[in-house]
Structures are given as C-alpha cells and as structure tokens.
Amino acid sequence: PDRRQKRLIFQVCTNKMNLSDEVDLEDFVSRSDKLSAADISAICQEAGLQAVRHNRYVITPKDFEESYSKVMTKDTDTLPFYK
C-alpha cells in the first residue's frame, strides 16, 4: 500500500486503542519498509499486547517500537524446514 493507504490502515487498527499523545503513527507510515496490511495490523495488536503485559491501559511509542521490531524481524527469518 502507498502512504495514504498505510495511514488509513493504521487509523482503522488503532481507532479503539488508548494511544499516548506521544505516539506518532506518521513515523511508521513514512518508513520505507514494505508493510502489508497484515503487518500493520500485527504491529498494532502487538503494541496493545505489550501495554497489557506491562499492566498499562495506554499504549506508548515504546510499545509500538518493540512491536515493530518484533513483527519485522519475523519476515526475515527463514524456517529451518526450508534450508
């Protein structure tokens, strides 16, 4: 998806989440990585889970950074079965 579509996907995925005022989704939209809609959804869900794991109701930028790195590293890993 292009930048506008990425922005819309992030808005849909985070519309019911309690985001901190410091969270800047435009930072993730402008990154040059090839994100699919499924990747964006996974990043948002993982950020919510990170906040829950730390007993917080508000999602911080750190949660998004951790979830982004977690989701994006999964794409580069290859399964031992295919080696």
Side-chain angles (χ1 to χ4, degrees):
D2 63 357
R3 288 182 62 144
R4 184 184 68 80
Q5 292 169 338
K6 284 183 188 179
R7 189 177 301 110
L8 290 172
I9 295 168
F10 268 110
Q11 287 175 355
V12 168
C13 291
T14 60
N15 66 349
K16 293 190 178 182
M17 293 183 174
N18 292 331
L19 299 180
S20 169
D21 292 336
E22 299 143 5
V23 174
D24 183 22
L25 295 178
E26 195 62 34
D27 178 40
F28 295 100
V29 170
S30 62
R31 291 186 185 184
S32 62
D33 295 332
K34 294 189 177 191
L35 291 174
S36 67
D39 290 335
I40 294 171
S41 176
I43 289 169
C44 294
Q45 289 177 7
E46 183 62 31
L49 289 173
Q50 289 287 340
V52 170
R53 286 184 191 120
H54 293 102
N55 294 324
R56 284 186 274 109
Y57 293 108
V58 178
I59 300 170
T60 62
K62 183 179 176 187
D63 297 326
F64 269 99
E65 286 296 334
E66 289 175 2
S67 63
Y68 182 84
S69 63
K70 187 173 184 180
V71 169
M72 294 313 292
T73 54
K74 285 184 181 178
D75 289 343
T76 58
D77 292 343
T78 56
L79 298 174
F81 177 78
Y82 295 112
K83 288 184 179 179

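Heads up: numbering here begins at 1 and tracks the sequence.
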Can any side-chain N or O of [X] pair as donor or acceptor with the backbone N or O of [Y] at less than 3.5 Å?
X   : Y   : answer
S20 : V23 : no
T73 : S69 : yes
Q5  : D2  : yes

Approximate separation, where rounding is to 0.5 Å, of [X] [atom1] and [Y] [atom2]:
X   : Y   : atom1 : atom2 : answer
C44 : L19 : SG    : CG    : 8.0 Å
N15 : F10 : CG    : CZ    : 13.5 Å
E65 : Q50 : CD    : CD    : 12.0 Å
I9  : L35 : CD1   : CG    : 9.0 Å
K34 : M72 : NZ    : CE    : 11.0 Å
I59 : F64 : CD1   : CZ    : 5.5 Å

**OP:** State plainly whether the residues K62 and E22 are in salt-bridge range, i.e. N to O under 4.0 Å.
**Re:** no
Subject >> Side chain to side chain, V29 and Q11, heavy atoms closer than 4.5 Å >> reply: no
Original post:
So do the side chains of H54 and T60 get within less than 4.5 Å of each other, counting heavy atoms only?
Top reply: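 No. Closest side-chain heavy atoms not under 4.5 Å.
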